[in-house]
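Structure first, then comments.
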Amino acid sequence: EVDAIIHLVRCFDSEKITHVNSKINPADDLETIKTEIILSDLDVLQKKLEKNKKKLLGEKEIKILDGKLKDLGKGEELKINNIDEEKFLSSIGLLSIKPKIIVCNVDEESLDEGNSYTHQVKEKYPNEKIINICADIEDQLSGLDKTEKETFMQEIGLNKTGINKLIKEGYELLMLDTFFTSGPEESRAWTVKKNTPAPKAASVIHTDFEKNFIRAEAVTCEDFIKYGSAEKCKENGKLRIEGKDYIVKDGDVLYFRVNP
């Protein structure tokens, strides 16, 4: 029950850390994982198509499952052809239809330009999202406070942590945006799909907010940080009043007006 899969593959040499196959070959590692995923999905589909369970399925669903079973039998990961397939197949927990990010775990020297292993991965999987991360650096950063972290990152020339890079790629892969709410006690971040109308975004906070929506008061997070509050943004002409058709933008700070 996940929205996406992250494949973390080793892309560095080290005499101290052994590899299960004694040879570093990330493309082969990914093929092994792909095979495991296909076998898992084959098992799921075969169980769905067992005689006693077929009775719970419609003719359309059985046809979809039969077709996908043939594709998996050829060693192919599944492709979604239409909305009906997406809705049905997503409900049964198949892994090969999930969007993927390949994370190449590299040494510090290969973080910017990559190395022969990362180039091998890119050549083998040209259509996948691929990012380089040095897990050793991430481990060191995790034990530092904010000031120490900033100093260390400056020393090694790192402008963004690997985990932040991964989060950003994950949001883009899943087509997600973040909006914020801020009050006297706390500020909170909320996640919605891109191009979400304001009333639908309000329902993430509380389902009643969608049907009782009146309007949204909106400022950008940059202006909110700059001026310090919604009131100060209003005084400086940065607060906008938006209606039901407003499409929430990534980084909006919103205050929803709803009927009681």
Side-chain angles (χ1 to χ4, degrees), residues 1-6 41 44 48 53 56-58 60-61 64-65 68 78-101 129 163-235 237-260:
E1 295 182 7
V2 298
D3 295 316
I5 294 173
I6 297 169
D41 283 354
V44 171
K48 275 280 177 187
K53 290 184 180 175
L56 303 173
L57 299 170
K60 187 191 289 184
E61 284 83 5
I64 291 172
L65 292 177
K68 299 308 176 187
L78 299 182
K79 290 182 174 62
I80 302 294
N81 298 315
N82 53 58
I83 294 172
D84 287 340
E85 281 193 4
E86 182 179 10
K87 192 173 180 181
F88 174 56
L89 294 174
S90 296
S91 70
I92 60 178
L94 298 175
L95 292 172
S96 61
I97 63 171
K98 308 283 186 185
K100 302 168 187 66
I101 299 175
K129 271 188 177 290
I163 192 68
N164 282 346
K165 194 192 300 184
L166 180 56
I167 290 168
K168 187 173 185 299
E169 290 292 343
Y171 266 60
E172 287 182 6
L173 183 73
L174 296 172
M175 300 181 68
L176 300 174
D177 280 338
T178 297
F179 74 89
F180 302 92
T181 54
S182 186
E185 295 181 8
E186 66 173 3
S187 294
R188 288 192 61 177
W190 308 85
T191 302
V192 292
K193 284 282 187 183
K194 284 188 180 295
N195 302 315
T196 297
K200 191 71 178 174
S203 73
V204 175
I205 301 170
H206 196 292
T207 50
D208 288 347
F209 283 10
E210 183 174 8
K211 61 182 179 182
N212 296 326
F213 180 91
I214 300 173
R215 65 177 184 271
E217 296 174 3
V219 298
T220 65
C221 60
E222 291 84 3
D223 285 336
F224 193 91
I225 292 166
K226 180 179 177 180
Y227 295 106
S229 69
E231 290 74 19
K232 290 290 183 185
C233 287
K234 187 176 182 180
E235 288 173 15
K238 300 297 183 181
L239 186 140
R240 310 183 312 274
I241 304 299
E242 304 289 358
K244 292 182 179 181
D245 295 332
Y246 177 66
I247 302 298
V248 172
K249 295 180 178 60
D250 191 48
D252 275 348
V253 182
L254 300 171
Y255 181 78
F256 295 109
R257 298 283 184 184
V258 296
N259 283 316

Shortest non-hydrogen contact between Phe213 and Glu242, atoms and distance: CZ-O, 4.3 Å
pair Arg240-Thr220: side-chain heavy atoms closer than 4.5 Å: yes
Check: Asn82 main-chain N/O paired with Lys87 side-chain donor or acceptor under 3.5 Å: no
Lys168 and Glu172 ion-paired at < 4.0 Å: yes
Minimum heavy-atom distance Asp41-Leu94, with the two atoms named: OD1-CA, 3.5 Å
Heavy atoms of other groups near Lys200 NZ, more than 12 under 6.0 Å: no
Enclosure of Lys211 NZ (heavy-atom neighbours >12, cutoff 6.0 Å): no
Heavy atoms of other groups near Lys129 NZ, more than 12 under 6.0 Å: yes
Spatial distance of atom CZ (Phe224) from atom CG (Asp252) [nearest 0.5 Å]: 12.5 Å
Geometric class of the Phe179/Trp190 ring pair [parallel <30°, tilted 30-60°, perpendicular >60°]: parallel
Least distance between heavy atoms, Ser187 atom then Ser182 atom: OG-OG, 2.7 Å
CG on Asp3 to CG on Leu176, rounded to 0.5 Å: 7.5 Å
Donor-acceptor contact present, side-chain Lys48 to main-chain Leu65, <3.5 Å: no
Glu85 bridged to Lys68 by N-O distance under 4.0 Å: yes
Lys244 to Pro197 - nearest heavy-atom pair and separation: O-CB, 4.0 Å
Whether Lys100 side chain and Ser96 backbone form a donor-acceptor pair below 3.5 Å: yes
Atom pair CG (Asp250) and CG (Asp177), whose distance is rounded to the nearest 0.5 Å: 4.0 Å
Spacing of CG belonging to Leu173 relative to CD1 belonging to Ile5, to within rounding of 0.5 Å: 10.5 Å
Validation row: Glu217, Ile241 side chains within 4.5 angstrom (heavy atoms): yes
Euclidean distance, Thr178 OG1 relative to Arg188 CZ, rounded to 0.5 Å: 12.5 Å
Asn259 atom CG, over 12 foreign heavy atoms within 6.0 Å: yes
Which atom of Ile214 lies closest to which atom of Val258, heavy atoms considered: CD1-C, 3.6 Å
Nearest heavy atoms of Val219 and Cys233, plus distance in Å: CG1-CB, 3.7 Å
Contact check, side chains of Val204 and Thr196, non-hydrogen atoms, under 4.5 Å: no
From CZ (Phe88) to NZ (Lys60), nearest 0.5 Å: 11.0 Å
